[in-house]
Number of protein chains: 2
Amino acid sequence: MMKLRLDYNNMMEEFVGEYGLSKKDFEKIAPKFAPAAAAMKEKRANGAMDWRDLPHNQNEVVKDILDYAAKIRDEVEYFVLLGIGGSALGPMAVHQALQHPFYNDLPRGKRGPKFYIADNVDPERLTYLFQVVDISKCLFNVVSKSGATSETMSQLMIVKKMLESAIGKEKAKERIVATTDAKVGNLIKIAADEGYKTFIIPTGVGGRFSLLSPVGLLPAAICGIDIKGLLEGAAFMDELCNEDEVFENPAYAYAALNYAALCKGANICVMMPYADKLKYISDWYVQLWAESLGKKYDNDGNVVNVGPTPIKALGATDQHAQVQLFAEGPFDKFVVFVGVDKFHEDIEIPKIFGDMPNIGFLGGHTHGALLKTEQMATEFAIMKSGKMNMTITLPEVNAHTLGQLLYMFEVATGFMGELMNINAFDQPGVEEGKNATYAMMGHPGYEEKKKELDGAPDKKKEYMID
Amino acid sequence: MMKLRLDYNNMMEEFVGEYGLSKKDFEKIAPKFAPAAAAMKEKRANGAMDWRDLPHNQNEVVKDILDYAAKIRDEVEYFVLLGIGGSALGPMAVHQALQHPFYNDLPRGKRGPKFYIADNVDPERLTYLFQVVDISKCLFNVVSKSGATSETMSQLMIVKKMLESAIGKEKAKERIVATTDAKVGNLIKIAADEGYKTFIIPTGVGGRFSLLSPVGLLPAAICGIDIKGLLEGAAFMDELCNEDEVFENPAYAYAALNYAALCKGANICVMMPYADKLKYISDWYVQLWAESLGKKYDNDGNVVNVGPTPIKALGATDQHAQVQLFAEGPFDKFVVFVGVDKFHEDIEIPKIFGDMPNIGFLGGHTHGALLKTEQMATEFAIMKSGKMNMTITLPEVNAHTLGQLLYMFEVATGFMGELMNINAFDQPGVEEGKNATYAMMGHPGYEEKKKELDGAPDKKKEYMID
């Protein structure tokens, strides 16, 4: 069985010195463990964490997705995902991890439709997309749980009109597939009215926990990824996560380490995989961690303004960008390395330039060995500089191990929320900006907000340079 | 004249409240301004900041680059850059900003060679690259100032052998172009021995300040970017940066605001452009800021462990990922928005679904207006949550305005280093990891380091979960 491993030796003061964690630090937070574990169980039982069950309850959904994917895969040349936030970051991370890194460049026989994600309302990007894809050969997957996401729904409005004028209304409806809530919101209503194929995001599954629902599974399946393997890996991790003993449960242990570090003043956590395939795991993780754990109020209504700040990095590339800061900068962060034991391909460095200083020694080694060595060397250097770090290792990157990793991070997020005594499953802080957008765009019912905006203090010329 | 603007109203306590900056905060740091400005002048005069002169002293270099680019552009089908850190981040940022966002997907008549960057030693990525590009039609640009960068030089070794066996030694040497130091290091020696065309990185120009040297200019020119415009924009900004009065000099003002915020405990700065074209500016900026300013020692040799932590974000996308944390989380950060007045293309949202809640209002607006409105709404929301933020605005994204922006950030980095009393131009913190890699890979002369590594305390089983 390929199982991921967690090594947190370098989080401990025995290894990194005074800024590391001690058993005392664990003792301080230990009283929170049992109540947090109990809360996790209770929430799952009460349906407040329906995403926990996605690895187990989707047999029919998976069949529907695979049937649909098999049919559509050869019918269209381009697959365009319209979604933002969790609806884009998850599919992007899975695609990068499990597909050929130059998937779109492969000849048609070796791949499904070319895959594009439109996750912004940048007016240039969408315009330019249609200069390189023929809309008459596109399938659009519009993904929004609420059906009210301005960015995604406005893209749907644009695409619908373009598609209908390109291939006619009847054919167009076969080229839009909606992933949304079963009952609530505009999108399910539009899909029913127009006759779009739909896939359902279960009620208790929020955007950033939706990767293992059709949000992530449909794009993966259309591009040819083993979605059953992904779910099996998640199910395997779910079993490990049923353990109540914190340091025997990888997700709980990961959260406890993060929490202990945060309590010690390390308010920044770096997610640094050492494999190009895992690069976008960091982007997905940043949303998961930041949006779940950055909160103004705790569960008792106190103003707390808490939240660790997650950072994206990539090894070895960031050794030449961010590692200087990680090593020599303040003791305000720790690094989570994600390594891989075995790459699917390797490549040998030829034995040339043998007499050249600092490069001759490279000949005869492989790139895989060089990357792995650089990872170990960076762990060592970060440790030696007194900065905490830990390492998660995947035996190899495949659907099963990726399912484990993603699910582990999701459970860890929930447990971290319990330790911090905040609600990890809402995002009230995005409402203000959304309402201000509504007001400025003339949304009916937001006249009061418009007045507030108009009444904001005028900006001062002295604080501008132009 | 298209000139960028800086608006820092929302950095001030009059707008954001108690966690904002006050005039007193400026008074506190003001004594550092004159010495810092003097140091900048002195260093420039002494050749310690040769990158400052790149906008002015490259007429011949530019001619050479343009001649070479014109010749090679039609001769090859693929242009592969081998470089890491500053050698990759700058070219990537410029390409994304000034090229078609789906450049590689355009028909050949509308673009130069397809552009790929190999900036990691991931063994899978390089193997897979040659499954989609025909090596006999590639030009490789190997970029390393020192000629000792393990990642880049090992790629060169691999590529050289493959290329020679594909097209023969004679032809191969026309398909490798080196960008490196004029005299020092392996790469200039190899280039001379093998007969590679070379472009020179001037001596006083470090990796992360090399974007306006041939490091950035050659790839840009080969892909068809207006490199003269880029340099003219930088030259224009250089004039603005000659101003000694800090708050009339955009780069100095930007640095002073960052420094004042850092002194107030905001150890994290978010770089958040609102345009897909500017997305990779954040990646380039993160290296520039993190590697320059994250330092263990100050200029007097005291251990200080300082450095703000830069964060990558993108609007509107990150409103659905990181903005929750920025708005509701701790008062440990501020946001730098980078906006655009005018997009090159816009796209209208059709007037459909008029009766649908929260989406009907969208019809009739453009995507450009929606994006711009969301930017203003997010600025407002972040301000209202009491978090500092400022906005840099480009009239439009073109070579000239981009040149201004990049050069402004570079000068700001230098000035910030002076305010912090650290050396912004070295990176001693990456040596430990490099030496550990050498030792583990069996590099002659690193036997002592190898012993140190072998003698490191054994990891404990109790701190592992597997």
Side-chain angles (χ1 to χ4, degrees), chain A residues 5-9 84-85 102 105 120-125 127 132 148 153-154 161 186 276 287 290-291 294 296 307 317 320-322 324-325 327-329 343 345-347 349-350 356 358-359 361-362 367-368 371 373 377-378 380-381 427 429 432-433 436-437 440 443 459 463-466, chain B residues 5-9 84-85 102 105 120-125 127 132 148 153-154 161 186 276 287 290-291 294 296 307 317 320-322 324-325 327-329 343 345-347 349-350 356 358-359 361-362 367-368 371 373 377-378 380-381 427 429 432-433 436-437 440 443 459 463-466:
Chain A
R5 312 189 298 274
L6 173 64
D7 171 355
Y8 60 94
N9 277 274
I84 194 167
F102 303 97
D105 289 340
N120 202 354
V121 287
D122 186 292
E124 295 177 356
R125 198 165 172 90
T127 308
V132 298
M153 295 308 286
S154 65
K161 191 182 163 190
N186 303 309
D276 275 343
Q287 184 212 20
E291 203 167 56
K296 180 172 181 180
T317 305
H320 298 265
Q322 300 190 76
Q324 165 68 33
L325 171 68
E328 292 210 338
F343 291 96
E345 302 284 345
D346 210 344
I347 193 163
I349 306 168
M356 295 252 176
N358 296 337
I359 63 172
F361 76 100
L362 291 164
H367 253 184
L371 183 59
T373 305
T378 304
F380 173 79
Q427 51 283 333
E432 187 65 47
T437 300
M440 291 188 216
H443 186 308
K459 292 200 168 179
Y463 299 141
M464 294 189 194
I465 300 177
D466 50 12
Chain B
R5 312 188 299 274
L6 173 64
D7 171 356
Y8 60 94
N9 277 274
I84 194 166
F102 303 96
D105 289 341
N120 203 354
V121 286
D122 186 292
E124 295 178 355
R125 199 166 171 89
T127 307
V132 299
M153 296 306 288
S154 65
K161 190 182 163 189
N186 303 308
D276 274 343
Q287 186 213 19
E291 203 167 55
K296 180 172 179 179
T317 306
H320 298 264
Q322 299 190 77
Q324 164 70 32
L325 171 69
E328 292 210 338
F343 291 95
E345 301 285 344
D346 209 345
I347 193 164
I349 306 167
M356 295 253 175
N358 297 336
I359 63 171
F361 76 101
L362 290 164
H367 252 184
L371 184 59
T373 305
T378 305
F380 174 79
Q427 51 283 333
E432 185 66 47
T437 299
M440 290 188 216
H443 186 306
K459 292 199 169 180
Y463 300 140
M464 295 190 193
I465 300 178
D466 50 14

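Per chain, numbering begins at 1; letters A, B, ... match sequence-line order.
Contacts with chain A were tallied for B/T378, B/T437, B/N186; B/N186 has the most, counting heavy-atom pairs under 4.5 Å. The most heavy-atom pairs under 4.5 Å with chain A, out of B/D346, B/I465, B/D466, B/I347, come from B/I465. Between chain B and the residues A/A436, A/G329, A/G85, the largest count of heavy-atom pairs under 4.5 Å involves A/G329. Ranked by non-hydrogen atom pairs under 4.5 Å with chain B, the options A/G368, A/G294, A/A327 are led by A/G294. No other option in B/V132, B/D105, B/V121 has as many heavy-atom pairs under 4.5 Å with chain A as B/V121. Options B/K296, B/R5, B/M153 differ in how many heavy-atom pairs under 4.5 Å they form with chain A, and the most are formed by B/K296. Most heavy-atom pairs under 4.5 Å with chain B: of the set A/I349, A/T317, A/T373, this distinction falls to A/T317. Counting heavy-atom pairs under 4.5 Å between each of A/E432, A/M356, A/Q322, A/K459 and chain B puts A/K459 at the top. When each of A/H443, A/K161, A/Q427 is checked for heavy-atom pairs under 4.5 Å with chain B, A/H443 comes out on top.
Looking at every heavy atom in both residues, A/L325 comes nearest to B/A290 through CB-O, 3.6 Å. Here the closest heavy-atom approach between residue A/R125 and residue B/F102 is recorded as O-CE1, 3.5 Å. The shortest non-hydrogen separation linking B/A381 to A/G433 is CB-N, 3.6 Å. The minimum heavy-atom distance between A/M464 and B/Y8, with the atom names listed, is N-CE2, 4.2 Å. Contact between B/Q324 and A/E291 at its shortest, heavy atoms only, is CG-O, 3.4 Å. In plain terms, the two heavy atoms of B/I359 and A/A148 that are nearest each other are CG2-CA, 4.0 Å.
A donor-acceptor contact shorter than 3.5 Å links the side chain of B/D122 to the backbone of A/D276. Not a single donor-acceptor pair under 3.5 Å links the side chain of B/Q287 to the backbone N or O of A/A321.
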